[in-house]
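First the structure, in the form of structure tokens, and then the observations on it.
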Amino acid sequence: MKVFKTVSEIRDYLDKERRNGCSVGFIPTMGALHRGHTEIIQRVRRENDLVVCSIFVNPKQFGNNVDFKKYPRNIDKDLQILSDIDCDIAFTPSTEEMYPGPVKEDYQFGELEETMEGKYRKGHFKGVAIAVKRLLEITEPDRAYFGKKDYQQLLIIKKLVEITGLPVVIVPCNTVREPDGLALNSRNQRLTPQQRKDAAIIHKTLLKAYNLYNKKTPFYQIKQMVKLEINAMPTLRLEYFEIANPENLKPLKTYMPDQKAIACIAVYAGNIRLIDNMVFND
Ligand code: PAF
């Protein structure tokens, strides 16, 4: 596996490979790699000639410096994982390499960046978009892969590609779960044993909400149930639960048989924020 730290090195290398007819599949990450990442990377491997993975903890998408500083980092372990699963290229730029000068871009995502995650993490998606745009410009992949666990991020990235006209196919990837249902997430490793145990309730509550939804239960009752279930766990606190239109994340008010729906949830375990979602009718 090749490890590049600079933009010029990776660009030179990929330009050559592209001239030889190789297709490029790209997965951007912030490191602390887990099975959620490696399953995506295996898919990238199957669907492309070259697998490129970036590891960059993007300061621009963190609302507070504490969360940024506490974000788990273990670059040596990550590089070993990537090399073991046959990744071709790891791109590990410094902040100076990613942002050599003042960042002027300011993308407008409308309501999509104001709701749910956007409401509670002001500026988060602008920060994500700036990093992803830069990474896509550097790596120029044919396909870029994003997890559905960060569903709102996925919609933002699709919109970013639409706004900028970048010639890349965005490939959504299924959420990978622990046996008890907890969605894999780099922040899980910061949970205490009790928080980790309690966090399994998040997926279970989504399943319960799904059953109620199928019985056409009024949404206010579903929301009440979710709040009670989550807040009954001593280490958890519900931030939001919303049932929304999966195309634009506009909240839905009531069950409609032909309306697709997605339920999105954010929960605090201490100061660690966990998000998850479930498609209610495909
Ligand atoms: O989902 C992530 O890990 C990050 O938001 C991303 C897409 C790598 C951008 O920094």
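Whatever order the structure lists them in is the order used to number ligands and atoms, beginning at 1.
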Exercise. Tell me, please, which residues at least two apart from Asn64 pass side-chain contact (heavy atoms from CB on, under 4.5 Å).
Key: Val66, Asp67

Quiz item: For Asp86, what residues pass the side-chain contact (heavy atoms from CB on, under 4.5 Å) criterion, not counting sequence neighbours?
Solution: Arg45

Practice problem: Could you note down all residue pairs passing side-chain hydrogen bond (donor to acceptor under 3.5 Å, both in side chains) where residues 146-159 supplies at least one of them, sequence neighbours left out? | Solution: Lys148-Asn174

I'd like the atom pairs linking ligand 1 to the protein - N or O on both sides, separation under 3.5 Å - with distances to 0.1 Å.
| from | atom 1 | to | atom 2 | distance (Å) |
| --- | --- | --- | --- | --- |
| ligand 1 | 1 (O) | Gln153 | NE2 | 2.8 |
| ligand 1 | 5 (O) | Gln61 | NE2 | 2.9 |
| ligand 1 | 5 (O) | Gln153 | OE1 | 2.7 |
| ligand 1 | 10 (O) | Gln61 | OE1 | 2.6 |

Identify whether the distance between the nearest side-chain nitrogen and carboxylate oxygen of [X] and [Y] falls below 4.0 Å.
| X | Y | result |
| --- | --- | --- |
| Arg273 | Glu117 | yes |
| Glu113 | Lys126 | yes |
| Lys133 | Glu137 | yes |

